[in-house]
Structures are given as structure tokens and as C-alpha cells.
Amino acid sequence: MTAAALAKSFSRQLTVTLVESEEIGIIGVGESTVPHLRDFNSLLQIHEADFIRQTKGTFKLGIQFNDWGRIGDSYVHGFGTIGRSLGLLDFHQYWLKARQLGWARDIGRYSINTLAAPQGRFMPSPADAPANTPLADIVYAYQFDAGLYARYLRSYAEGRGVRRIEGKVVEVQQNGASGFLESVRLENGTTVAGDLFIDCSGFRALLIGGTLQAAFQDWTHWLPLDRAIAIPCEKVEPPTPYTRVTAHEAGWQWRIPLQHRTGNGHVYSSRFMSDDAAAAALLRRLDGKPLADPSRPIRFAAGKRAKLWDRNVVAIGLAGGFLEPLESTAIFLAQSGISRLVQLFPRRDFDPVLEQTYNAQAQFEYERIRDFLILHYCATQRDDSELWRYCRHMSIPDSLRDYIRLFADAGRFYRNGTELFAVTSWVQVMLGQGITPRSYHPAADWVSEEDLKVYVEGTEQAIARCVAAMPRHEDFIARHCAAV
Ligand SMILES: Cc1cc2nc3c(=O)[nH]c(=O)nc-3n(C[C@H](O)[C@H](O)[C@H](O)COP(=O)(O)OP(=O)(O)OC[C@H]3O[C@@H](n4cnc5c(N)ncnc54)[C@H](O)[C@@H]3O)c2cc1C
């Protein structure tokens, strides 16, 4: 992704050399995304149908959470919007009032994404959809084979002048005075010199961690899951336009449908479950025949490097940090690191303000996502296992505590600057996890009860009509972008 974006953004000014090792390989998991990947693909001028065909991808309207707040609960975190705002208030404020009056339906009925997803319906917003129809509000991401995407981007980057060298970095030369990197030496003796080094070496964090020893901010107290086992299985039904995540006793299981198979994985805490038990639980809960053996346990720790940019090294992807994949944010964080790097691209003098700005923005972005993830764990009524008992009682960051207090009081949410997840996401997950506001915003009383009924029920009916007219997800794929 980094090489492709740099080649596209600075075609004539930069010489990009990519070193990677087939012997080491890639981590090979990561198949579910957030809608921002569409912007990345647009920057690269990648044609959507071609991308879906090549990566055997499907469309994603949101994530279905099962058994999170309590065993038996199910809710969808859909992208897009909930209803339409009116005056200064978001739709959910009027919904809260209707709920207090006793006639509101489930919040999922007021978002086109959330209603369409479980019904297996999908289409993008038509280009000519009038602004006042819910059809204009469809927001989607992708589920795809990340290995195929990497291959696709490799040929894209090589086609635009990126030189790829197959080889293993075994040594790094630093300037004795400044500590800036000067070159890396490969196992076969080749030396690759450079002005800027981008560390995309995955959990190895070869340059940022290994050479520069950048400190690691450990967030495992709040996000205790630290292992994952993945396995693909045969598909047993048409692919759902959503990812499913089901909470288990020591973690959770993902189910990501692609065109040709279903990706599955069990993310768990090694404090509360052994690797063998985790693999057995994963196999037990597959809905199709396994297509491989379970992967070896992938080990990780929630957190990030204190500095993602240090001297002339910028860490992108897992080398910089990792927050567990519950909300599919890792590829987004790589993408966002790449855009930030393009925006703040240094000259040879490496003005320190660029590094400082980069690091401050990245810190903010990671922390806001971190809080959103913690919300799924701390707001639970489950007490059926050690993990959930731990999560119910663990201390949480003050920033998250404030968000919860605001919402629990009168359903208020205030998006902090450019944080990734906005009101739709926070409101759906707060409600889904069982946080019920005591009241609603007093300004909702400006609308009479009669008008409220017309507005809230009208929204629900308009969304239901639009969803009924949407094609089935598998039919849309077959018509526009079936993998060959
Ligand atoms: C369990 C799990 C589930 C995930 N699910 C999702 C998801 O649903 N959605 C999402 O957005 N993200 C997800 N992710 C994250 C996603 O997998 C990564 O963001 C993505 O794969 C990018 O990884 P990377 O390129 O940083 O690292 P890697 O894929 O590990 O690539 C590292 C590269 O560095 C090279 N390398 C390493 N050392 C050397 C060396 N010494 N010399 C030369 N080359 C070297 C390797 O050969 C490789 O090419 C998940 C991650 C995990 C662990």
C-alpha cells in the first residue's frame, strides 16, 4: 500500500525501493475493512469492480455483534447514518424520546445499512439518487482476500516504477552522530541506501523497534486479548454483506464471507484460554468444512510505538502498533499513516516539526480507536467467564469514561475532532452493549408528539421501502463483479 501510494503521489520526484522477503512472508490475515479504503483505491484510480473481482471480494455494510452485552444479544454496527438529523439534533435524540413514549422500534430499523445487512441486500447509492431518499445514505466497505490485494498493489506499484528487491534485511547502518539510518544490508550482501526508510516489517518492527528501540505503549490492561488463530472454511450460503463477530468465553470469533470461501478466526486471551482449547473452539464453531489446518497462534500485544516517526524512519502497519481486529481498523491505520506521510513528506533536512505533527496526530487517532474498542469489553453484563468478569471491573481511560457518562445521561455524543468513529458508530455500539440513556436532549421537546410520530415513523417506513427494492448481495456481485 505504501509503495503504491508513494509511486502514485510522487511519481517523478522519488525513487522507491521495496525490500521484502518471501521466505519470511506476510502475516496473511486481515480481510475486513472500514469504508475509507474506497478513498485509498480512488486515490490510486483503481476500478472498484476490477478490484472486487481480483480480490474475490464482497461488500460490507457493517458488523454483526452476537453475544456481546449478554449471551443471546445481537446488534449490527452499520456504517452510514441513523435516520436524518433535524435542527441541531441527531436523529437518535428523537428516537430516544419516542422510546420514552413507548412506541420506538429497534434502532436498527432507522438505518438503511443496518436494516439491509441482515436481509442480505446490497447496492451502492445510485449516482442519481435524490438527496432526500435513504438510498443516498448507503455507506460500505469491503471484505476481501488481503493476500490477493497485496499482489494486486505490487503489480500496480511495479508498473509505476517501484523497484522490488527480494531479500532479507540482516543489518542496518546508522549515522554515528545523528542516529539517522543510512542503509540496510541484505543477506546476499546487497546494500540499499536511502534518505527515508519506511518500516513495513510487520510485528518484527525491524527498524523502529529493532534499530531505533522506540518505546512501546502497552494497552493490554484495557485490551487483554493477545492471540489469534485463523482458518478458512467452505462457504455454505451466499456471502453476507457484513462481518460477524461472536463473543466467546475467552475472546471472540470472526466470520468474513468472501466470494469463494469464508474466513474465520478466534481472537482470545492467553491468560484465560490455552492455544489448544482456542483452536478446538474455533473448529467446533465453523459453519463449513475447514479448507486448511488452523494457523499457528499469532501473538500480539495491544498498543503502539510512542513514536511512529523517529528520525528518518516511519513505521506503517503492524510495525507501528496493533489494536485487535474487532472493528477492522488495522488496514485503515496503515492507510491513514500513508496519507499523513504524503501530507507531511519531508525534505532532506527533516524539519522536526513534521515528525512531531505526525506523531501527535497518530497518537490521537490510535487513542480514539482504542477507546471505541474498549467500549465493547467494559460495557457488558456478561459474567459467565473470567475474561468477562475481568472486563466488567477493569479501570478504563478517563476519555472513554467521559463519553459513556455523556451518553448515559441524555444520549449525547460529541465527536472529538477527526476521530475515526463518529456518532452513528458510538451510538449503535453504546446501545448495543446495553448502555441506556436516562433521558434525551431537552431540545427534542421542541417537536410536538404528533410531528415526532410523523418524522420517526416516516423514516422507518422510507428505509423499509428502500431496502425491499435493493438487490440481493450475491445477485449484485454476480451482475457486476464476480471473481473469475
Ligand atoms: C489476527 C489478525 C486479524 C486481522 N484482521 C484484520 C482485519 O479484519 N482488518 C484489517 O484491517 N486488519 C486486520 N489485521 C491487520 C492486518 O493483517 C495487517 O494490517 C496487514 O496484514 C498489514 O500487515 P503488515 O504489512 O504491517 O505486516 P506483514 O503482513 O507481516 O508484512 C511484513 C512484511 O515485511 C517483510 N519483512 C519482515 N522482516 C523482514 C526482513 N528482515 N527483511 C525483509 N523483509 C522483511 C515480510 O516479508 C513482509 O512482506 C489483522 C491482524 C491480525 C494479527
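FYI, the numbering just counts along the sequence from 1. First listed ligand is number 1; within each ligand, the first listed atom is number 1. Side chains are part of it too, since the values below use all heavy atoms of this structure and drop only hydrogens, waters and symmetry mates.
- The closest side-chain donor-acceptor pair between S274 and D276, if any, does not fall under 3.5 angstrom.
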Quick check on ligand 1: any N or O pairs to the protein under 3.5 Å? One line per pair.
{"residue": "ligand 1", "atom": "8 (O)", "partner": "S32", "partner atom": "N", "Å": "3.3"}
{"residue": "ligand 1", "atom": "8 (O)", "partner": "S32", "partner atom": "O", "Å": "3.4"}
{"residue": "ligand 1", "atom": "9 (N)", "partner": "S32", "partner atom": "O", "Å": "2.6"}
{"residue": "ligand 1", "atom": "11 (O)", "partner": "S32", "partner atom": "O", "Å": "3.4"}
{"residue": "ligand 1", "atom": "11 (O)", "partner": "I331", "partner atom": "N", "Å": "2.8"}
{"residue": "ligand 1", "atom": "17 (O)", "partner": "V29", "partner atom": "O", "Å": "2.5"}
{"residue": "ligand 1", "atom": "21 (O)", "partner": "V29", "partner atom": "O", "Å": "3.4"}
{"residue": "ligand 1", "atom": "26 (O)", "partner": "L318", "partner atom": "N", "Å": "2.9"}
{"residue": "ligand 1", "atom": "29 (O)", "partner": "I27", "partner atom": "N", "Å": "3.0"}
{"residue": "ligand 1", "atom": "30 (O)", "partner": "I27", "partner atom": "N", "Å": "3.4"}
{"residue": "ligand 1", "atom": "34 (O)", "partner": "C200", "partner atom": "O", "Å": "3.3"}
{"residue": "ligand 1", "atom": "41 (N)", "partner": "V169", "partner atom": "O", "Å": "3.3"}
{"residue": "ligand 1", "atom": "42 (N)", "partner": "V169", "partner atom": "N", "Å": "2.8"}
{"residue": "ligand 1", "atom": "47 (O)", "partner": "S21", "partner atom": "N", "Å": "3.3"}
{"residue": "ligand 1", "atom": "47 (O)", "partner": "S21", "partner atom": "O", "Å": "2.9"}
{"residue": "ligand 1", "atom": "47 (O)", "partner": "G25", "partner atom": "O", "Å": "3.2"}
{"residue": "ligand 1", "atom": "49 (O)", "partner": "E20", "partner atom": "OE1", "Å": "3.3"}

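- With ring centers used as reference points, Y377 lies under 6.0 Å from W388.
- T58 has its side chain out of reach of Y142: every pair of non-hydrogen atoms, C-beta onward, lies at least 4.5 Å apart.
- Figure legend: R38 and Y140 shown as a cation-pi pair, the cationic atom lying under 6.0 angstrom from the six-membered ring centre and within 45 degrees of its axis.
- Taking CD of Q143 as the start and CD of Q259 as the end, the distance is 11.0 Å to the nearest 0.5 Å.
- Side-chain contact of S395 with H221: a donor-acceptor pair under 3.5 Å is present, judged by distance alone.
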